[in-house]
There are 2 protein chains.
Amino acid sequence: MTLSSRPSLIQIAEQAGVSPATVSRAFNRPELLSEATRTRILETANRLGFRPNRVGASLRSGSTKTLGLLLPTLANPVFAACFEGAEAAARGAGYSVMLATTGYDRQREQAAARHLLEHQVEGLMLTVADPAANATLNELEADGVPFVLAYNESTTHPFVSVDNHAAAGDMLEQLVGLGHRRVAFVSGPLADSDRAARRLEGVLTRAADLRIPTPVHLSLATHTAAERTRLQSLLSMPHPPSVLFCSNDLLAAAVIAELATVGIRVPRDLAVCGFDGVAFGALMVPSLASVYQPSGEIGHAACRLLLDALAGQPGTSRQLPHRLWLGGSVTAPHDSLTEPALTPDTTTTHPTTAPLPAPEPALIRRFTPC
Amino acid sequence: MTLSSRPSLIQIAEQAGVSPATVSRAFNRPELLSEATRTRILETANRLGFRPNRVGASLRSGSTKTLGLLLPTLANPVFAACFEGAEAAARGAGYSVMLATTGYDRQREQAAARHLLEHQVEGLMLTVADPAANATLNELEADGVPFVLAYNESTTHPFVSVDNHAAAGDMLEQLVGLGHRRVAFVSGPLADSDRAARRLEGVLTRAADLRIPTPVHLSLATHTAAERTRLQSLLSMPHPPSVLFCSNDLLAAAVIAELATVGIRVPRDLAVCGFDGVAFGALMVPSLASVYQPSGEIGHAACRLLLDALAGQPGTSRQLPHRLWLGGSVTAPHDSLTEPALTPDTTTTHPTTAPLPAPEPALIRRFTPC
DNA sequence: GGATGCCCTGCAAACGTTTTCATCACCGCA
DNA sequence: TGCGGTGATGAAAACGTTTGCAGGGCATCC
């Protein structure tokens with residue numbers, strides 16, 4: 001019933017009649033001790049409720065066994081999944097993860113990175129707006145802090161992502177295969193996301209390959225009232241797009257909701273697809289067509305890459321395979337019969353494109369508890 | 001270009017020609033120093049790129065300025081928002097948050113709590129299955145570790161949540177006001193979530209108050225194939241429910257998707273509502289009717305409560321106000337004309353029930369970057 | 001001019017652990 | 001009997017910081 005704080009290693013040593021060093025060894029190098037002393041120590045520790053103090057250990061050993069993870073926001077389930085993947089990988093290696101979110105704000109990004117470094121994280125995993133020009137990254141580099149990018153792609157820094165260029169191209173190809181010719185790519189400000197920029201590029205490149213009209217790019221900025229009219233004016237052009245390819249699923253959902261308010265039905269009047277493959281997209285009605293990227297694995301792989309680097313095994317950047325999920329939000333355009341459709345075998349194939357397995361049969365299960 | 005790790009406070013002291021103590025004070029108690037020495041130290045620190053080592057500081061001061069947050073999963077945006085709220089509150093007070101997820105697993109819960117405590121977090125915020133009987137909580141209590149529950153309600157432990165009982169009752173009342181009489185409450189196993197249990201209770205109590213037939217409870221467990229048929233058999237009863245009240249939004253979305261596969265349209269054939277008020281619910285078409293709970297603020301308030309307790313100002317549990325969001329997934333039942341509707345003023349009113357402000361006009365903005 | 005007090009700074013211990021080095025007992029072997 | 005080796009443990013320093021205590025300098029006041 002005492003509120004006495006837990007005993008330290010020293011008290012265990014005294015109680016067990018050994019030196020502090022021996023107690024330490026009982027936990028970290030048990031093979032060095034005799035059976036007898038080891039069990040005696042473990043028993044005393046148990047009895048007194050000993051809990052090793054990582055702060056002391058970290059200070060002395062110079063290793064906190066902790067990694068930092070810097071993400072834009074957890075409101076996007078993509079990043080939430082990334083955290084869980086990274087955390088699992090870290091835990092598997094005896095490491096902890098310290099998470100911080102930036103809200104897409106450069107100031108907070110830098111502040112958070114420094115904060116994590118003050119906590120002596122041994123390395124960092126992060127997603128930034130544009131790795132090619134990023135103050136935080138430069139600082140890390142200058143400091144010699146090991147780090148790995150997640151979701152970003154870079155020629156100069158280690159990263160884990162999907163091949164955004166190819167993935168977006170693959171989705172476009174599917175759309176074209178369904179008969180779509182007039183495509184609009186919808187995104188936020190490209191300066192805020194190199195992913196969106198690459199996806200747009202991928203769409204444009206593949207469109208040229210497939211010889212369809214150059215897709216329109218609609219970049220929605222902050223001010224929504226105005227953006228709403230821009231979206232509508234896009235759709236009231238003489239030859240409006242038959243499909244909107246949104247740079248991420250959250251945006252796609254928002255766009256679909258927006259369209260609904262002006263009476264445009266998806267996919268009947270207009271097809272819409274997204275990018276990310278978030279779980280709730282599969283629950284939408286119709287389900288959201290999307291490019292699935294394995295977020296949990298991205299986090300996991302980024303963490304592994306970082307851990308390997310810390311262990312002196314630098315490893316190499318990875319592009320994990322994406323999958324196309326052709327949900328009900330995309331169908332053939334209603335005027336598709338009036339335009340010649342490409343035959344499937346004129347389209348190029350990509351090794352990373354594979355049909356997504358049947359929709360998760362146990363979604364209910366995963367969402368049941370709370 | 002040197003990979004030299006950052007200098008310690010000692011090097012700064014040497015360079016600036018002062019004692020380590022003075023350097024420490026330059027950062028923590030600057031008012032104690034003369035203008036001259038303070039600026040000299042700060043300059044040297046800046047020049048050498050000094051970064052205070054929190055591990056050393058924590059060890060000496062006995063305070064890590066870090067709190068633990070233990071949540072079931074980030075896959076549910078409710079908890080993601082909770083983290084961001086808690087993190088903001090902590091940051092505002094100079095604290096950090098260390099997050100761990102349990103995946104609704106008791107073993108992991110306990111392990112994670114211990115892990116956080118080894119990291120010397122000064123207190124814990126957590127969401128558990130049932131606070132009335134929880135090994136982790138008992139251990140914390142026995143250890144005298146300060147903690148605050150989030151989302152859980154408890155008579156014996158401090159918590160921050162909404163009034164689940166009243167909130168669910170209020171939603172039921174709205175449904176009844178629309179003409180619904182046959183209600184089914186759908187949840188996961190109640191043992192996994194005291195929130196769901198309280199919501200069910202709230203529904204049953206209010207149903208009795210309003211003198212409508214006792215709502216049916218459908219508890220969906222793990223095995224989905226079987227659950228699917230249970231759901232369908234519920235709907236093929238002689239007098240099937242006209243509305244499904246799901247214990248959370250993710251479940252509601254999954255149920256709606258499930259219904260769609262068997263040709264049941266929402267809300268035309270059956271109304272569905274959820275609980276949580278997650279952002280993507282507002283983006284669904286039709287938008288998901290739900291009980292909105294302020295997750296960010298729950299996290300924020302829980303953190304404040306914990307911080308106050310650490311500061312010796314114990315504070316009291318809080319139930320934050322909920323809001324009803326009457327999305328398009330709920331309309332009057334198609335047979336409502338055949339049944340007498342209660343007049344609005346026969347229904348009781350609750351202070352925490354207030355109409356939700358117009359749907360977030362800038363949803364697109366929030367989801368644009370990635 | 002000496003006592004008083006305040007402002008600024010330094011000394012040194014302490015936080016809890018890890019780790020290097022040394023010690024000691026004991027065994028086997030020549 | 002002596003010697004090298006091995007296995008088990010201890011002594012003590014170190015990690016980077018904070019903080020109680022003390023002291024020196026300087027001004028103020030009687």
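Each chain gets a letter, A, B and so on, in the order its sequence line appears, and its residues count up from 1. Hydrogens, waters and symmetry mates are skipped; everything else that's a heavy atom, side chains included, is used.
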Rounded to whole Å, CD of Glu31(B) lies from C1' of dC6(C) at a distance of 15 Å
Of dT17(C), dT9(D), dG16(D), the nucleotide closest to the side chain of Asn53(A) is dT17(C)
Atom CZ of Arg6(B) and atom C1' of dG16(D) are separated, to the nearest Å, by 16 Å
Taking 4.0 Å as the cut-off, does a side-chain nitrogen or oxygen of Asn28(B) come that near to OP1 or OP2 on dT18(D)? yes
Asn76(B) side chain near Leu71(B) side chain, heavy-atom distance below 4.5 Å: no
Separation of dA8(D) atom C1' from Arg38(A) atom CZ, nearest Å, is 12 Å
From CD of Glu118(B) across to P of dT17(C) the rounded distance in Å is 10 Å
In whole angstroms, the gap separating P of dT17(C) from NZ of Lys65(A) amounts to 17 Å
Here the distance between atom C1' of dA12(D) and atom CD1 of Ile10(A), to the nearest Å, is 12 Å
Walking DNA chain C from its 5' end, the first of Ala21(A) and Thr22(B) to be reached, judged by nearest nucleotide, is Thr22(B)
| message | Atom CZ of residue position Arg318(B) - does it have more than 12 heavy atoms of other residues, nucleotides or ligands inside 6.0 Å? | response | no
Q. Within the structure shown, what part of the strands sits under 4.0 Å from Ala57(A) by heavy-atom distance: base, sugar-phosphate, or nothing?
A. sugar-phosphate
Across the strands shown, which category fits Val18(B) at heavy-atom distances under 4.0 angstrom: base, sugar-phosphate, nothing?
sugar-phosphate
- prompt: At under 4.0 Å, does any side-chain N or O of Ser8(B) touch on OP1 or OP2 of dC15(D)?
  reply: no
Could you walk me through whether Glu87(A) and Arg91(A) satisfy the salt bridge (Lys or Arg N to Asp or Glu O under 4.0 Å) test, starting with their C-alpha distance in whole Å, then the side-chain angles of each, then the deciding distance to 0.1 Å, before giving a yes or no? CA-CA 6 Å; Glu87(A) 207 270 339; Arg91(A) 182 151 33 94; 3.0 Å; yes
Exercise. Please confirm whether any donor atom in the side chain of Arg60(A) sits under 3.5 Å from an acceptor in the base of dT18(C), or the reverse.
Key: yes
**Request:** Walk me through it: do Glu35(A) and Arg38(A) pass the test salt bridge (Lys or Arg N to Asp or Glu O under 4.0 Å)?
**Result:** CA-CA 5 Å; Glu35(A) 170 79 15; Arg38(A) 180 168 14 111; 3.5 Å; yes
Separation of dG16(D) atom P from Ile12(B) atom CD1, nearest Å, is 12 Å
* What nucleic acid atoms does Val23(A) come within less than 4.0 Å of, heavy atoms only: base, sugar-phosphate, or nothing? -> nothing
At under 4.0 Å, does any side-chain N or O of Ser61(A) touch on OP1 or OP2 of dT18(C)? no
Of dG10(D), dC15(C), dA13(D), the nucleotide closest to the side chain of Ser19(A) is dG10(D)
Contact class for Arg25(A) vs. all strands (heavy atom < 4.0 Å): base, sugar-phosphate, or nothing?
base
May I ask you to say what Ser24(B) touches in the nucleic acid, namely base, sugar-phosphate or nothing, with a heavy-atom cut-off under 4.0 Å?
base
Taken to the nearest whole Å, CG/Leu9(B) to C1'/dG10(C) is 13 Å
- Task: Flag yes if more than 12 heavy atoms outside Arg40(A) fall under 6.0 Å of its CZ atom; otherwise flag no.
- Result: yes
Between Val128(B) and the options Thr102(B), Thr136(B), Asn152(B), the side-chain contact (heavy atoms from CB on, under 4.5 Å) test singles out Asn152(B)
Select base, sugar-phosphate, or nothing to describe what Phe50(B) touches, counting heavy atoms under 4.0 Å on all strands. sugar-phosphate
TODO: Classify the nucleic acid contact of Ser58(A) as base, sugar-phosphate or nothing, counting any heavy atom under 4.0 Å across all strands shown.
DONE: nothing
Per nearest nucleotide of DNA chain D, the residue lying toward the 5' end, Gly56(B) or Arg29(B), is Gly56(B)
* Would you please confirm or rule out a distance under 4.0 Å between OP1 or OP2 of dC7(C) and any side-chain N or O of Ser34(B)? => no
